[in-house]
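Below is one structure, written out as structure tokens; comments come after it.
Ligands are counted one by one from 1 in listed order, and the atoms in each one are counted from 1 as well. Side chains included, hydrogens not; waters and symmetry mates left out as well; all remaining heavy atoms used.
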Amino acid sequence: MRILVTGSKGQLGNEIRVLAEDYPDFDFLYTDVDELDITDRQMIEAYFVDNKPQAIINCAAFTAVDRAETDEITANLINAKAVENLAKSAASFDALLVHISTDYVFDGKSYLPYDESDKTNPQSAYGRTKLAGEEAVTQYASKAVIIRTSWLYSAFGNNFVKTMIKYGIERNELSVVYDQVGTPTYAKDLAKAILDIIPSAVQKSGIDLFHYSNEGVASWYDFARTVIALSGISCDIKPILTKDYPLPAPRPCFSVLNKSKIKEIYKIKIPYWIDSVKDCIQRLE
Ligand SMILES: NC(=O)c1ccc[n+]([C@@H]2O[C@H](COP(=O)([O-])OP(=O)(O)OC[C@H]3O[C@@H](n4cnc5c(N)ncnc54)[C@H](OP(=O)(O)O)[C@@H]3O)[C@@H](O)[C@H]2O)c1
């Protein structure tokens with residue numbers, strides 16, 4: 001099967017590249033903005049005509065959550081308008097579109113893990129643009145899987161794990177919020193889940209929405225403490241409130257996702273978040 005990976009130089013795209021050798025039946029076409037700018041409708045059409053992918057994993061996104069507050073137009077272009085381009089081309093070539101979305105589509109006011117059917121109510125520009133991307137997939141694709149995930153980290157790019165290790169080495173003390181609760185997601189685990197479900201998903205038609213994160217629940221404070229402890233770094237982590245660490249974009253204070261649907265339908269096993277943080281730190285070492 002020929003699989004186009006867009007935004008393949010990001011965290012998720014790179015983890016797909018690492019896993020690719022375990023999937024010899026897949027022929028991967030890796031692109032990022034230089035080879036295939038997903039905001040360019042004509043470029044996408046031409047790419048599909050030349051390469052005829054049977055599935056697309058859209059890892060491309062505008063992920064600078066705070067910058068999106070002051071540049072919602074660009075965020076919307078990449079997170080929504082470009083997704084419409086991909087959805088339209090995928091539909092005209094009868095290809096499966098796997099699109100990644102976010103816990104930021106929720107307002108974070110729940111205290112129970114979010115189901116796929118729960119009401120969305122994004123509080124940030126990033127969340128609004130990602131929700132618009134989901135809507136574009138629903139409206140224009142004929143065969144698609146939308147996967148919402150949360151707190152993504154990996155061995156690649158900039159992410160919370162790498163930031164905590166860097167600052168943990170440089171400083172004696174770090175302050176991290178404990179009143180935002182969710183679940184970290186290891187991009188390698190998400191990449192594996194995506195590649196495992198593609199052979200079945202490609203046989204189906206229609207649009208399916210799933211939640212995927214690692215198992216368990218943590219605050220950013222717990223996440224930071226775990227990273228520091230597993231890295232063998234000596235640094236004090238202090239719990240603070242979100243109000244004492246103001247950022248431009250509001251974050252959902254609760255964004256635990258219920259993964260029952262993807263586990264039941266695709267029979268996948270999801271690792272516990274601390275086990276996955278361990279794996280990532282071992283790779284970084
Ligand atoms: N990171 C998180 O915590 C998180 C949480 C929940 C959901 N998600 C979602 O998970 C998915 C993967 O996230 P990630 O962390 O792997 O993202 P990432 O590391 O930021 O990678 C995104 C990639 O897309 C590229 N890109 C940007 N504009 C493009 C365009 N017009 N055409 C083609 N490629 C373009 C980026 O290039 P440049 O770097 O040059 O811009 C980058 O290589 C995204 O949909 C994101 O919204 C992420």
After noting the C-alpha distance and the side-chain angles of Ile16 and Ser8, does the key distance pass the side-chain contact (heavy atoms from CB on, under 4.5 Å) rule?
CA-CA 8 Å; Ile16 291 173; Ser8 69; over 6 Å; no
CA sep, side-chain torsions, deciding dist, call: Asp208, Lys261, salt bridge (Lys or Arg N to Asp or Glu O under 4.0 Å):
CA-CA 10 Å; Asp208 230 338; Lys261 185 177 168 192; 3.2 Å; yes
Test Leu209 against every option in Thr138, Val145, Ile146 by the side-chain contact (heavy atoms from CB on, under 4.5 Å) rule and name the one that passes.
Ile146
What I want to know is whether [X] and ligand 1 share at least one N or O pair that is separated by under 3.5 angstrom.
{"X": "Asn58", "answer": "no"}
{"X": "Asp32", "answer": "yes"}
{"X": "Ser150", "answer": "no"}
{"X": "Lys130", "answer": "yes"}
{"X": "Thr102", "answer": "no"}

According to ring-ring contact (aromatic ring centres under 6.0 Å, His included), does anything in residues 137-166 pair up with another residue at least two apart or in another chain? List the pairs.
Trp151-Trp220, Tyr153-Tyr186, Tyr153-Phe223, Phe160-Trp220, Phe160-Phe223
Within ligand 1, which atoms have a heavy atom of Ile78 less than 4.0 Å away?
28 (N)
Is the closest heavy atom of Thr6 to ligand 1 under 4.0 Å?
no
Would you mind checking which non-hydrogen protein atom is closest to atom 19 (O) of ligand 1, with the distance to 0.1 Å?
Gln11 N, 3.0 Å
